[in-house]
Each structure stands twice: as structure tokens, then as C-alpha cells.
Amino acid sequence: MDFLSSLNPEQRAAVTLPERSALILAGAGSGKTRVLTTRIAWLIRTGQTSPQNILAVTFTNKAAKEMLLRLSVMLPIPVRGLWIGTFHGLCNRILRTHHREAMLPQTFQILDGVDQLATIKRLMKTLNIDDEKYPPREIQVFINSNKEKGLRAHEIEAFDPYSRRKMEIFAAYDEQCQREGVVDFSELLLRSHELLARNQQLRDHYQARFRHILVDEFQDTNRLQYQWLKLLSGQHNALFAVGDDDQSIYAFRGAHVGNMQELTRDFHVQDVIKLEQNYRSHGNILDAANALIQNNASRLGKNLWTSENKGEPIRVFEATTDAEEARFIVDTATQLHSEGIWLSEIAVLYRSNTQSRVIEHALVSAGLAYRVYGGLRFFERQEIKHALAYLRLIQNPADDHALLRIINFPARGIGARTIEQLQEKARAQNISLWQVATQSGGKVSSFVSLVEMMRDSTRELALPEIIEHVLLHSGLIAHFQNQTGTQLREAQERMENLNELVNAATLFVHESEDDSLTSFLTHAALESGQSQADESTDALQLMTVHASKGLEFHSVFVSGLEEGLFPHHNSRMTHAGVDEERRLMYVAITRAQRKLYLTFAQSRMLHGQVNYGLRSSFLHELPDELLHWITPRMPMRSNFSHGFTPIPPENLAVKRKERTIGAQDSPWQLGQAVSHAKFGEGIVVGMEGRGSDSRIQVNFRTTGTKWLALEYANLTSAS
DNA sequence: GCCCACTTTATTTTT
DNA sequence: TAAAGTGGGC
């Protein structure tokens with residue numbers, strides 16, 4: 001086969017494996033997606049399998065699209081009939097097809113994370129539950145993490161009253177969703193798993209169909225997704241899993257790397273193939289990545305290599321402040337650009353989104369084009385959600401969430417008190433808000449007539465016209481048109497977005513086989529859309545390390561390499577946490593093809609306060625000989641030992657005033673490096689009190705920030 | 001029913 | 001710092 005000839009031996013072995021389950025350990029830049037798509041093409045083109053017998057699962061819509069695109073090039077036939085999609089998309093497809101068996105209305109709606117949280121808050125209010133004691137976010141995590149383990153409320157073991165109460169809220173939440181005909185993300189998976197588990201006929205049907213199941217990014221699967229795959233595979237189908245345990249960075253949201261070992265056991269995998277040849281980076285970059293990741297405890301074991309030369313050393317820059325760090329990045333990027341590298345081939349990575357602001361500021365000052373990834377996406381915008389809520393209510397009157405969102409938006413004089421009364425009635429009679437509303441008079445009844453009118457007059461219309469009609473008659477357009485003064489700009493943007501929604505619908509109708517309203521609403525929930533494409537202009541790429549997974553750039557800056565920031569202090573409590581941070585650093589390093597810059601700052605503005613950090617321990621896990629320090633490389637013990645004033649003048653004096661009252665008699669200074677017998681080395685970041693009451697706040701390298709009684713602390717100077 | 005001022009709080013995120 | 005959420009006042 002022509003397309004096999006360009007593969008290396010391991011890749012070819014993976015692609016042409018016989019029909020049985022296999023695990024492909026594919027390192028960063030080793031051609032993972034290529035192997036996956038080529039395998040599908042090979043299976044079909046050799047006539048072993050027909051397209052209907054293939055199920056390919058990805059985590060993101062982007063990955064699914066990419067795969068389809070590549071396949072359309074490799075296969076002479078249209079790629080129709082292939083089931084390629086995300087876990088959620090595929091589960092949705094199954095649930096729509098068998099909605100009766102799944103005990104769902106045909107037009108069930110999908111709740112995104114924000115909708116789900118709002119639903120939980122509303123439920124807790126009606127149940128009179130103290131949201132201080134049971135924070136809705138915590139409940140949301142509780143519900144989702146249990147569902148992702150495959151557990152329903154009644155299956156949870158709760159031994160204390162607190163857990164029992166959470167369990168009750170979970171149960172009530174599920175009941176409410178069922179009543180309203182809505183399904184959250186984890187429910188899509190759980191519900192379809194339960195459907196296949198209890199309905200043997202359906203299970204047999206799908207098992208007979210999907211002879212080959214291929215999974216991308218297998219290290220990111222959670223327990224439920226694994227169970228789902230097991231159920232579909234049955235005893236005879238081949239599960240072809242591709243993943244990299246070293247790039248598992250989503251344990252915090254339920255990903256279970258252990259699935260990789262379990263797969264080899266449960267599926268009697270004889271073929272574990274390692275793809276270790278990297279086609280992306282120069283040698284020094286890979287050496288650094290390999291050295292770093294070896295500090296992790298449990299690994300399946302893998303070492304990347306390249307036939308490329310060593311390339312340039314990794315450059316390290318120590319800045320005094322975060323602003324200086326940003327300036328260095330901008331200056332260097334400008335320099336690279338002038339040497340002929342596209343800005344879009346340069347990425348600035350950071351651990352958390354807040355860090356982008358200083359960098360953006362420096363970029364604006366320098367007039368350099370940039371693009372920030374992440375943030376609010378199209379279908380998540382308020383005005384879009386409002387418009388969608390009208391559409392949802394038209395389609396499914398039981399959707400209380402949708403009703404509450406729009407009953408008084410645009411404002412039509414239906415206040416909180418009225419809404420409360422509606423809710424009380426609905427609860428007392430166990431009926432939907434819509435039903436109560438139809439029995440009400442006054443302003444509520446005009447709202448009901450409005451929605452009914454919209455439902456009637458859109459019945460015969462095509463999707464884009466339905467949306468146009470709703471935008472016009474709901475008063476949404478008029479609402480934003482009437483905005484004046486300071487909100488004008490914002491209102492104009494919102495109106496543009498609403499118009500864009502009509503365009504999105506038009507595009508959707510052209511592209512998809514099913515152009516129904518339900519299908520469009522599903523699309524909106526499952527594919528929230530990139531924020532705004534705008535890939536036309538060449539721009540520097542700014543994103544979190546998480547967002548960079550799967551991408552590659554000529555040059556990469558990894559910024560904010562400070563202890564507490566990267567690795568993040570919230571993950572320092574456990575070994576597993578630090579290991580995941582290290583994998584994150586591994587992902588960051590392996591994004592770079594040619595040039596890698598590692599930067600950190602002695603002081604950083606965080607949450608409106610100046611913080612003094614120590615350089616990241618990850619820097620010290622990289623072999624010295626691979627690094628070239630742009631600023632003088634100072635010994636580990638202190639960031640402040642090289643002569644110049646460590647404290648940026650514009651920052652310090654005022655900021656710390658509450659904490660430094662009466663600290664004049666302290667033997668220590670802010671920013672000074674100190675050593676403690678138990679906690680080790682750290683930096684003084686605050687002081688308060690006088691004499692024997694004096695307390696001192698120290699940011700320790702290993703244990704984080706602590707307040708100590710100065711009298712007993714027995715600190716020694718570390719510089 | 002609405003608006004303004006105050007407090008609180010701050011990873012990572014796709015579906 | 002800056003966004004989001006809460007509560008008081010009109």
C-alpha cells in the first residue's frame with residue numbers, strides 16, 4: 001500500500017496489526033494521529049473491514065474532524081458510514097436513536113457545565129439547602145465524579161450525614177433532570193452505558209457492528225468511558241487504543257491512566273507497541289524532556305529519540321519582575337520574527353490563564369499581533385444562550401431552566417416574587433413551570449402567548465428562519481438595539497453575535513444531514529465552538545500548557561517557572577499531584593521543534609499582591625549541560641543574592657502595609673532569603689506585630705507560605 | 001423591581 | 001487585579 005511506505009517500522013507494525021486488541025504507546029510527536037487514521041484506511045482498503053464496522057473515538061471535536069479530513073484523502077470512497085466522533089457525540093447518537101429504551105424524550109436537551117451548575121443551584125434553593133454548607137460547585141463535582149465512576153446516587157456508600165445529604169441532592173437532581181427532559185454531559189455517557197448494559201439486544205447489535213474500535217488519547221479516558229468501551233467491544237471485537245501515559249494531564253477531571261494497564265489485562269493484549277521516534281523536536285529539547293519525566297514514579301516507560309541533531313541549547317531567563325519577563329518574551333519573539341519565523345509558529349505557554357495579562361500588556365505596548373486561546377466560546381455567550389433558551393422552550397416546554405432564563409429577558413416586568421410563586425405552585429403540583437405559567441394571568445400569560453405564537457409560526461420554517469423569527473419576536477434584537485451610552489459597544493457586539501447565530505445555523509443546515517432544530521441545539525451544546533477563528537493574520541500564540549497539548553511550534557516560551565505557580569501549589573500536597581504537574585511540564589517542553597525558552601520571575605503580581613517566588617524545581621531537574629542561561633545562573637538557595645535590589649520600587653512599600661505594621665524591629669527584611677530547621681529555605685514575604693508578638697510570613701520552597709512566631713522560628717539567613 | 005456598592009475569591013477544562 | 005456574587009437602599 002502506497003501510504004504504508006512512508007511509515008517507520010513501529011508505525012507500520014501498529015497499522016498492520018492483526019484483528020485483535022492492542023495498545024500503542026505513542027510518545028509526543030511520534031505520529032500518533034497518523035497511525036490511527038492510517039490503520040482505519042488500511043483496514044478498509046485491504047478489504048478486511050467495511051466502513052460500517054468501524055468506531056473511532058476522540059476527546060475533542062477538533063480531533064474527530066482532523067481524522068475525518070485525513071481519511072477523506074486516504075480513502076477513495078466517501079467517509080460516510082464511519083462512526084467517528086467524541087464519546088459524548090457518539091453517546092448522544094445512540095441515545096437519540098433509542099430514546100424510548102433510554103427513557104428520554106426524543107428532543108432531550110443537553111446541559112453544559114454552566115447550565116448544570118445553575119440547575120443545581122435552583123434545585124438547592126427549592127430544597128432549602130444551605131449553600132454555605134453544601135457549595136453548589138462541590139455538589140456538581142460530586143455528581144459528575146460519581147457518574148464518571150458509573151455510580152448513581154443510590155449506589156453511593158454514605159456513612160456520615162454530610163455524604164448522605166449530598167447523595168440525596170444527587171438523587172433529587174437526577175429526578176429533576178428527568179422531569180425536565182435534560183441530560184448533562186456525564187449523563188450522556190452513563191445513560192448510554194446503562195442502556196447497553198441492560199438491553200442485550202441492542203448490545204448484540206452494536207457489538208456485531210463495531211468489529212474495530214479505535215480510541216485516541218486513551219490516557220485521558222475516565223472509568224466510565226472505559227467501561228463503555230468494554231461493553232461495546234464484548235468478547236470478540238478489537239480495541240485499538242493509542243495513548244501516552246506521560247501526557248496524562250487530566251486526572252483532575254477524572255481521567256484514569258490506570259486504564260492503560262487495565263486494558264492490557266482485560267483485553268489480553270499481546271501487542272504493546274511503542275512509538276518512540278520523535279519527528280518534531282531537536283535533540284536537546286527531547287533530552288530535556290526525557291530527563292524531566294524520569295523523575296516520575298510510575299511510568300510505562302518510554303524514551304523519545306530523534307534522528308535530528310542536538311540543535312540549540314535551551315535558553316533560560318531569570319527576570320526581576322513578571323513585567324520584565326513579559327518584555328523579554330516580547331523582545332525575543334520580535335527578534336525571532338525579524339529572522340523570518342512566523343509569529344504563528346511561536347507560542348507563549350503558561351500554567352494559568354491569569355498569567356496572560358502581563359504578557360498581553362507587553363504585547364500591546366510593543367504593537368505585536370497575538371492571539372489568546374481559551375476563554376469564552378461562541379455558544380457560551382450570554383446572548384446566544386438566551387436565544388437558544390427560546391428555541392429550547394419552543395421545543396420542550398418542560399425545560400424549566402430555559403424558561404427561567406428568558407421569562408423576564410428582555411425585561412417584561414415579571415419579577416423575582418412572581419417567579420417564586422410560579423416555582424412554589426409547580427413544586428406543589430409536581431408540574432412544570434410552563435404548565436403553571438399557562439394557568440396564570442397578567443404578564444405571565446402574555447409571555448406564554450408569545451412563546452406559543454413563536455412555536456406556531458416557526459413550525460413550517462427552515463432552521464435559519466426559525467432563529468431569525470425568534471430573535472425578532474422575542475425582543476432580543478430590540479433589547480440590544482435600545483442600549484445606549486457606555487453599553488453601546490457591548491450591545492453592538494451582542495447583536496453581531498446574534499446575527500452570527502443565524503449564519504451558524506445556515507452553515508449547519510448545509511453541512512449536516514439532519515437539519516432539525518433538535519440537531520442544531522445538540523450541536524450547540526456538544527460543540528461550543530472556537531471563540532473566534534480569525535486565523536487570517538499572523539499572530540503570536542498565547543495559551544495555557546493544557547491547551548497546547550497536541551500542538552507544535554517552531555519556538556516555544558514556557559513562562560512563570562516558579563515554585564507554587566508551576567508546579568502549582570494546589571498540587572503539591574500529593575505525589576500524584578506533583579507528577580501530573582511534571583507531565584504538564586513535559587507536554588510544554590515537547591511542543592517545541594527548534595527553540596525552547598524557559599523563563600521565570602523573582603516577583604510576580606498575583607491577585608493584586610506582589611509575590612516572591614523561587615524558581616521552579618522543574619528547572620533543576622533539567623541537565624545543566626542542555627541549558628544556556630541568558631541571565632547569570634545563580635545558586636539555588638536564593639533568588640536575591642546577586643547584588644541588585646530584589647524588590648521592585650513601584651511595588652513594595654504600599655502593598656504590604658497591613659501586614660508590615662510594626663515590623664521595624666524585625667531582624668529580617670521582606671524578600672530576604674531565610675532558612676528554617678524544619679521547613680527549609682524560603683523567602684520572607686510578610687511581617688506583623690512587635691516584640692514577642694512578632695510574626696513573620698515565609699514562602700518556603702517545599703511547603704509553601706507559612707506564618708511563624710518570630711520568637712520561636714529560629715530562622716537563619718540563607719543568602 | 002432595579003441598581004449600586006460591598007465582599008469574596010482566585011489552577012488546569014472538554015464535552 | 002478583576003470578576004462574580006450578595007445585600008441594602010431607593
Side-chain angles (χ1 to χ4, degrees), chain A residues 57-64 85-92 110-118 121 131-132 135-137 140-141 144 147-148 183-190 192 216-217 220-222 224-225 248-255 322 349-358 360-361 373-377 379-380 382 408-409 411-420 443 522-530 543-550 560 564-573 577 580-581 583-585 587-588 604-611 651 655:
Chain A
V57 198
T58 63
F59 272 83
T60 63
N61 292 300
K62 199 178 152 196
T86 63
F87 278 102
H88 295 85
L90 297 166
C91 287
N92 172 67
I110 298 165
L111 299 181
D112 68 16
V114 179
D115 292 338
Q116 185 189 30
L117 185 62
K121 283 180 180 168
D131 59 4
E132 300 246 305
R137 278 190 189 286
Q140 185 180 24
V141 170
N144 289 336
K147 285 188 180 180
E148 280 159 16
V183 159
D184 62 47
F185 284 138
S186 33
E187 183 72 25
L188 280 172
L189 274 150
L190 183 53
S192 86
D216 192 15
E217 305 277 16
D220 288 337
T221 49
N222 62 38
L224 178 57
Q225 286 160 340
S248 154
I249 54 173
Y250 286 112
F252 73 92
R253 67 174 196 214
D322 48 354
L349 309 183
Y350 35 79
R351 175 66 241 263
S352 61
N353 283 307
T354 46
Q355 288 167 253
S356 75
R357 208 155 41 81
V358 214
E360 287 186 68
H361 183 79
Y373 285 75
L376 198 59
R377 282 170 314 170
F379 288 112
E380 291 166 1
Q382 289 301 311
N408 197 37
F409 193 92
R412 42 177 76 87
I414 301 172
R417 184 76 203 109
T418 312
I419 294 171
E420 257 171 53
K443 290 166 179 165
T522 301
H523 168 80
L526 290 183
E527 219 167 316
S528 38
Q530 294 293 306
M543 66 192 84
T544 62
V545 182
H546 282 94
S548 76
K549 198 172 104 175
L565 192 61
F566 197 0
H568 200 275
H569 57 78
N570 286 5
S571 35
R572 276 206 300 217
M573 298 310 158
E580 178 147 320
E581 293 287 306
R583 290 192 292 269
L584 201 51
M585 182 67 183
V587 167
R604 178 177 298 278
M605 188 75 116
L606 271 180
H607 316 317
Q609 275 206 326
V610 180
N611 279 251
N651 286 334
K655 291 288 176 197

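Order of the sequence lines sets the chain letters (A, B, ...), proteins ahead of strands, with each chain counted from 1. Just so it is clear, the structure is predicted and the values come from calculations on it, not from any experiment.
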I need the [atom1]-[atom2] distance between [X] and [N], as an integer number of Å.
X	N	atom1	atom2	answer
L349(A)	dT11(B)	CG	C1'	16 Å
Q140(A)	dT14(B)	CD	P	15 Å
L117(A)	dA4(C)	CG	C1'	12 Å
I110(A)	dT14(B)	CD1	C1'	14 Å
E360(A)	dA2(C)	CD	C1'	14 Å

### Message
With a sphere of 6.0 Å drawn around CZ of R412(A), does it hold more than 12 non-hydrogen atoms of other residues, nucleotides or ligands?
### Response
yes
Side chain of [X] (C-beta onward), nearest among [options]:
X	options	result
S352(A)	dT14(B), dT1(C), dT11(B)	dT11(B)
H546(A)	dT12(B), dG5(C), dC2(B)	dT12(B)
F252(A)	dC2(B), dT12(B), dT15(B)	dT12(B)
T544(A)	dT13(B), dG5(C), dT14(B)	dT13(B)
R253(A)	dT11(B), dT13(B), dC2(B)	dT13(B)

Would you tell me if any nitrogen or oxygen in the side chain of [X] comes within less than 4.0 Å of OP1 or OP2 on [N]?
X	N	answer
N353(A)	dT12(B)	yes
R357(A)	dT1(C)	no
R377(A)	dT13(B)	no
N570(A)	dT12(B)	no
T354(A)	dT11(B)	no

### Summary
When T418(A) and I249(A) are each assigned the nearest nucleotide of DNA chain B, the 5'-most assignment goes to T418(A)
#### Entry: Most 5' of I414(A) and H607(A) on DNA chain B, judged by nearest nucleotide
I414(A)
NA contact type, [X], heavy-atom cut-off 4.0 Å: base, sugar-phosphate, or nothing?
X	result
F59(A)	sugar-phosphate
E581(A)	base
S186(A)	nothing
L111(A)	nothing
D112(A)	nothing

#### Entry: Anti versus syn assignment for dT12(B), with syn defined as within 90° of 0
anti
Closer than 4.0 angstrom, basic N to acidic O: yes or no for [X] and [Y]?
X	Y	answer
K549(A)	E217(A)	yes
E581(A)	R351(A)	yes
R357(A)	E360(A)	no

#### Entry: Distance-only side-chain donor-acceptor flag, Q355(A) / D322(A), under 3.5 Å
no
### Query
Under a 4.5 Å cut-off applied to non-hydrogen side-chain atoms, are L584(A) and F566(A) in contact?
yes
